[in-house]
Amino acid sequence: WQGSSPVLTGTASGPSSGASSSDLVETGADAAWVGWGFVAEDPLFAELCERIGVTFVGPSPEAMRKLGDKIGAKLIAEEVGVPVAPWSRGAVDTVDEAKAAAAEIGYPLMLKATAGGGGRGMKVAHDAAELEVAFRTARAEAKAAFGDDTVYIEKYLGNPRHIEFQIFGDGRGNRRWIFLGDERHAGLGDPSLLAGDLPDRVAQVGGVVQADGGDDGDGRPHDVGGVP
């Protein structure tokens, strides 16, 4: 943004940090909002904005790094009181560790890459035999896709409701959450449209994060993106 006017930079294919830096400097933009995807989750771009004096509209670089690691993100969620599915509470590095975690969590379960995304490095196991295969496969996929074969285990939910809402912080300690919808009905919505006790549960989670916010010390919450 330059003053109160938006300025379009980059391309639809996803601008590089270097190209975006040049665009921002040339336009004299005061702030940069990159929506979602591409550089929106890149801590290097947020740091670049800080270096050239442009306000990055989004999480801090530190928050992006914390939330980019799924194990760390789940630990943060637990710390601020957001409910999570039963899980290994850390990485499982061997088949024996995976089996020990599975004995506590119970089958079916899912192995997930801590650096994962887009469904890669995710495998479901319904018993110990499947777990051994899933463990090796998930680690191999994670290594190939992300350069990191760290995986963890959580309870597999076969038909979940994927609810998303956004947390907004103004950098001064004020936070609000806005319900967006679920995976089946994308877009802004009203929690009361959800069935059963989901409206109350969505409000509960939103209220917990809004109250605590996982503040990084600068008034900005850990995440202002979609929260499943």
Side-chain angles (χ1 to χ4, degrees), residues 36-37 40-43 58-125 131 134-135 137-139 141-143 145-167 169 175 177 179-180 182-183 198 201-217 220-228:
W36 48 87
E41 300 175 7
D42 183 358
S60 68
E62 181 186 2
M64 290 190 195
R65 290 191 172 94
K66 289 179 179 178
L67 272 295
D69 176 275
K70 286 187 169 56
I71 290 175
K74 289 177 76 70
L75 290 172
I76 290 172
E78 289 183 329
E79 181 182 340
V80 299
V82 175
V84 300
W87 69 300
S88 56
R89 304 206 76 254
V92 289
D93 298 322
T94 67
V95 171
D96 287 341
E97 288 183 7
K99 288 182 177 179
E104 293 186 8
I105 298 170
Y107 293 95
L109 51 79
M110 176 176 284
L111 288 103
K112 287 186 175 182
T114 191
R120 291 168 293 182
M122 294 172 56
K123 297 295 175 183
V124 178
L131 177 61
F135 178 79
T137 305
R139 281 172 63 93
E141 283 188 6
K143 184 68 173 180
F146 313 111
D148 182 350
D149 62 1
T150 305
V151 298
Y152 65 95
I153 291 176
E154 70 179 18
K155 185 70 175 179
Y156 173 65
L157 305 177
N159 187 31
R161 295 294 298 274
H162 185 109
I163 309 300
E164 294 190 357
F165 54 89
Q166 292 210 357
I167 308 298
R175 307 179 190 93
W177 67 276
F179 175 70
L180 292 181
D182 63 26
E183 204 170 46
L198 279 176
R201 292 167 63 187
V202 168
Q204 175 191 11
V205 173
V208 166
V209 179
Q210 180 174 306
D212 185 284
D215 199 309
D216 287 317
R220 289 189 291 188
H222 283 316
D223 184 32
V224 292
V227 180

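Computed over heavy atoms, backbone and side chain alike; hydrogens, waters and symmetry mates excluded.
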Throw together a table of side-chain donor-acceptor distances under 3.5 angstrom for residues 82-91, partners on residues two or more places apart or in other chains.
unit_1 : atom_1 : unit_2 : atom_2 : d
Trp87  : NE1    : Glu78  : OE2    : 2.9
Ser88  : OG     : Gly90  : O      : 2.6
Ser88  : OG     : Ile153 : N      : 3.2
Ser88  : OG     : Ile153 : O      : 3.4
Arg89  : NE     : Glu78  : OE1    : 3.0
Arg89  : NH2    : Glu78  : OE1    : 2.6

Can you see which heavy atom on Tyr107 is nearest to which on Ala125, and at what distance? CD2-O, 3.6 Å
With sequence neighbours excluded, what pairs up with Lys143 under the salt bridge (charged side-chain N to carboxylate O under 4.0 Å, His left out) test? none
Name each donor-acceptor pair under 3.5 Å that joins a side chain in residues 109-123 to protein atoms two or more places apart or in another chain, with its distance.
unit_1 : atom_1 : unit_2 : atom_2 : d
Lys112 : NZ     : Glu154 : OE2    : 2.6
Thr114 : OG1    : Asp69  : OD1    : 3.4
Thr114 : OG1    : Asp69  : OD2    : 3.1
Thr114 : OG1    : Lys70  : N      : 3.2
Thr114 : OG1    : Ile71  : N      : 3.1
Arg120 : NE     : Gly117 : O      : 3.4
Lys123 : NZ     : Glu141 : OE2    : 3.0

Excluding sequence neighbours, so at least two apart, what forms side chain to side chain donor-acceptor pair (under 3.5 Å) with Lys99? Glu132
Which pair of heavy atoms, one from Val151 and one from Phe135, lies closest together, and at what distance? CG2-CE1, 4.0 Å
Contacts of Asp148 that satisfy side chain to side chain donor-acceptor pair (under 3.5 Å) - sequence neighbours left out: Thr150
Of all the heavy-atom pairs spanning Met64 and Pro43, show the shortest one and how long it is. SD-N, 3.5 Å
